There are 2 protein chains.
Amino acid sequence: MITIKDIAGLAGVSKSTVSRVLTGTGYVNDETREKIEKVIKENSYEPSESARSLPKRITNTIGVVVPEIDNSFYTEVLNGISQVVDQNNFNIIYFNTNNSLAKEEKALQMLKAQRVRGVILAPAVDYSEPEATKKLKLLLEKINAPVVLLDRDIDGISLDKVVYDNFGSAFAATEALIKAGNKTVGIITGDLNLKHARGRYEGYLEAMKQYNIPVIEKYVLHGDFMADTAYSLAWKMYEQRDIPDGIISCNNRTTLGFLRATRERKMKLGREIAFVGIDHIDVLDIIDYKYSHVTRDTVEMGRATMQLLMDRIKNPLKMNTVQIVPYKLVLKGTELRK
Amino acid sequence: MITIKDIAGLAGVSKSTVSRVLTGTGYVNDETREKIEKVIKENSYEPSESARSLPKRITNTIGVVVPEIDNSFYTEVLNGISQVVDQNNFNIIYFNTNNSLAKEEKALQMLKAQRVRGVILAPAVDYSEPEATKKLKLLLEKINAPVVLLDRDIDGISLDKVVYDNFGSAFAATEALIKAGNKTVGIITGDLNLKHARGRYEGYLEAMKQYNIPVIEKYVLHGDFMADTAYSLAWKMYEQRDIPDGIISCNNRTTLGFLRATRERKMKLGREIAFVGIDHIDVLDIIDYKYSHVTRDTVEMGRATMQLLMDRIKNPLKMNTVQIVPYKLVLKGTELRK
DNA sequence: TTGAAAGCGCTAACAT
DNA sequence: ATGTTAGCGCTTTCAA
């Protein structure tokens, strides 16, 4: 493998001069520069990043940690992130934690070993216990690089954050059903141990309260954000032939489960049952399988997160900012009944 | 930032001894080891990967280059890759080329700068011209690490490869339609400038030939693997009210476009038109939106690719292997007509 | 079993 | 404008 020393030799100059053209700093005669650049080209020399970052004690690598890459939400976010990264000559070192705390800890440790320049973290778990949060804080501190929290907020941790208006999105979904004239409104919740699931549930409750609609216990289906669970819950509800006028579903997967049960039971969306989901599902959009939903611009969310990280890197002393990603209500008719 | 020197100082030993426990090589007294490990723990010291890889001139990083992360196929493959990576204490440095040759070249260059241990490359473009292939070869050679080609094969390049039986999959799809009694069979092709699109087209042609079914030009819809194009093509076909008994679609996106047109025109799949697609679409499976298709185990494909790379890293001299991923025919009834 | 010393490929003062 | 030198944080001979 060819090194800076080789280039220096071939160009008849010292390593420092080569280094100067490499880094673009300091004075170097135009002729010398050209000569050196020529030699670099000819030998397709590429300086080693490890060697470069050692004296600088800094890398150009960004760590990205996501909990579930098989969720299209994170795919889209990752897409947005990599768009911004591309423009800035950074690298992404990427981890999928599979919602496992252990994997997340390992990922953060590796990120520390890599001396990354910054980290984007979409937490694997709900850090609800102060103990766990404290431990995470310690881990993050030791990474010694700015961290931006993505999607899943953690209380009592002061960082730059890009989070969703969970409460508002569920409120809007519920409100849409109520305004469409539905007298009873149910919900398929996420795992209420998770903060964002609770936020959405509370948004639902608040809308019901404001519009004076009673919350009927049997129409509150306690799910866990998984399609299969939502499917069973919805199926059971249909089987009992006791269904609310309308129902909201708390994420893309619960919506899929619900839609499946609804298809199988041959219930007509927007006629026999009104429905508004939280999250869009791209593929269904494409095949024109319409349902009303509240959504967010996920790719933009990724871009914004990365941008926030870049800003923080450039200006380490700036105040923490929390960006609340707005929701968007998209009505396709399924919020109606008949 | 705490270094090996600090640890040595705190443990009252030399850097070399600390290094020995870090690398797990050479002799070191049990007591000394324990002492050192204790100090490491207490200070949550994590050796710098840059510094480690410099004297070793080798990293534990794997470069992964994919052309389109918004395609669920690559998401699933990436998932498989990261599963294997996790088990081996490697890191993934990740690039999305967006099907751009320029971005791919840049990615490979950065991978070289990183001195990665190996590369998984799903090419951005069809290297059909010898010139382009030659250039790529040069680039890859300079990376100086094993490369495994994923999904999109390149002629005249001798590497480990994991590719799909494109011909076979299209043959099987077509055959399924023929065996189901369809007398005329059409196809929505991919971009025929691309090798795998041609492979699939040829699979279709061969099946037609073997079963003595004439290929009717107007039923060959020349697409480009994009949903929108497939949508327009299918829409136009329906509008002209001249449709084949059955039709195959060459990837997940063309299938989406086709399904959308079919929905909008209120044509009944499996009754008014028979259909078999290449690729599965997870989400449609989940909502029980059934259609017959040929598919492959994409997550396993990722795992296999990474495994191949690991094997190559362990044994640099072994012969190149080309793994042909088998297809699987899944009949759901839409291969029929009426 | 441990330590001293050289060196990995760069950058960044400091001289000249 | 260029070269010399020291050093980044490790690993790895080589001695002891």
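Residue numbering restarts at 1 for every chain, and letters A, B, ... go by the order of the sequence lines. All figures in this text were calculated on a predicted structure; none of them were measured in a lab.
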*Asks:* Strictly distance-based, threshold 3.5 Å: is any side-chain N or O of A:Arg303 a donor or acceptor partner for the main-chain N or O of A:Val77?
*Replies:*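 No: the side chain of A:Arg303 does not pair with the backbone of A:Val77.
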
*Asks:* Classify the side-chain pair B:Tyr74/B:Asn96 by whether it contains a donor and acceptor separated by less than 3.5 Å.
*Replies:* no

*Asks:* Less than 4.5 Å apart, any side-chain heavy atom of A:Tyr94 and any of A:Val66?
*Replies:* yes

*Asks:* If you take any heavy atom closer than 4.0 Å to DNA chain D, which residues from residues 50-62 of chain B end up in contact?
*Replies:*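 The stretch gives B:Ala51, B:Arg52, B:Leu54, B:Pro55, B:Lys56 as the residues lying under 4.0 Å from the strand, ordered by number.
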
*Asks:* Can you pull out the residues from residues 24-48 of chain A that lie within a 4.0 Å heavy-atom distance of DNA chain C?
*Replies:* A:Tyr45, A:Pro47, A:Ser48

*Asks:* In terms of heavy-atom contacts, does CD of A:Glu31 have more than 12 from other residues, nucleotides or ligands at under 6.0 Å?
*Replies:* no

*Asks:* Under the criterion salt bridge (charged side-chain N to carboxylate O under 4.0 Å, His left out), which of B:Lys195, B:Arg296, B:Lys161 is the partner of B:Asp151?
*Replies:*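 Testing each of B:Lys195, B:Arg296, B:Lys161 against B:Asp151, the sole residue satisfying salt bridge (charged side-chain N to carboxylate O under 4.0 Å, His left out) is B:Arg296.
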
*Asks:* Tell me whether the count of non-hydrogen atoms from other residues, nucleotides or ligands lying under 6.0 Å of NZ in A:Lys41 goes above 12.
*Replies:*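 No, the 6.0 Å shell around NZ holds no more than 12 heavy atoms from other groups.
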
*Asks:* Go through residues 10-22 of chain B and report each residue with a non-hydrogen atom lying under 4.0 Å from DNA chain C, sorted by number.
*Replies:*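 Here the set is B:Val13, B:Ser14, B:Ser16, B:Thr17, B:Arg20.
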
*Asks:* I'd like to know if the side chain of B:Asn43 pairs up with that of A:Lys142 as donor and acceptor (distance under 3.5 Å, no hydrogens or angles considered).
*Replies:*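 Per modelled atom types, B:Asn43 and A:Lys142 side chains form no pair under 3.5 Å.
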
*Asks:* Determine, for A:Lys135 against A:Glu105, whether the closest basic-nitrogen to carboxylate-oxygen distance falls under 4.0 angstrom.
*Replies:* yes

*Asks:* Looking at A:Phe90, is A:Arg117 sitting on its ring face, NZ or CZ under 6.0 Å from the six-membered ring centre and within 45 degrees of the normal?
*Replies:* no

*Asks:* May I ask you to test the A:Leu139-A:Ile143 pair for a side-chain heavy-atom distance under 4.5 Å?
*Replies:*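 Result no, sub-4.5 Å side-chain heavy-atom pair not found.
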
*Asks:* Between B:Lys318 and B:Asp311, does any side-chain N to carboxylate O distance fall below 4.0 Å?
*Replies:* no

*Asks:* Classify the side-chain pair A:Asn144/A:Arg115 by whether it contains a donor and acceptor separated by less than 3.5 Å.
*Replies:*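 Side chains of A:Asn144 and A:Arg115: no pair found under 3.5 Å.
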
*Asks:* Earliest and latest nucleotide of DNA chain D, 5' to 3', sitting under 4.0 Å from a non-hydrogen atom of chain A?
*Replies:* D:dA1 to D:dC10

*Asks:* Mind running side-chain contact (heavy atoms from CB on, under 4.5 Å) on B:Val148 and B:Gln307 for me, showing each step along the way?
*Replies:* CA-CA 10 Å; B:Val148 179; B:Gln307 196 52 61; over 6 Å; no

*Asks:* According to side chain to side chain donor-acceptor pair (under 3.5 Å), does anything in residues 118-130 of chain A pair up with another residue at least two apart or in another chain? List the pairs.
*Replies:*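 Output for this query lists A:Glu104-A:Tyr127.
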
*Asks:* How long is the line joining CD1 of A:Ile7 and P of C:dC10, in whole Å?
*Replies:*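 Going from CD1 in A:Ile7 over to P in C:dC10 covers 9 Å.
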
*Asks:* Quick check: does any side chain N or O of B:Asp6 sit under 3.5 Å from a backbone N or O of B:Thr3, one acting as donor and the other as acceptor?
*Replies:* yes

*Asks:* How sharply is the helix from C:dT1-D:dA16 to C:dT16-D:dA1 bent, taking the axes over five pairs at either end and rounding to 10 degrees?
*Replies:* 40°

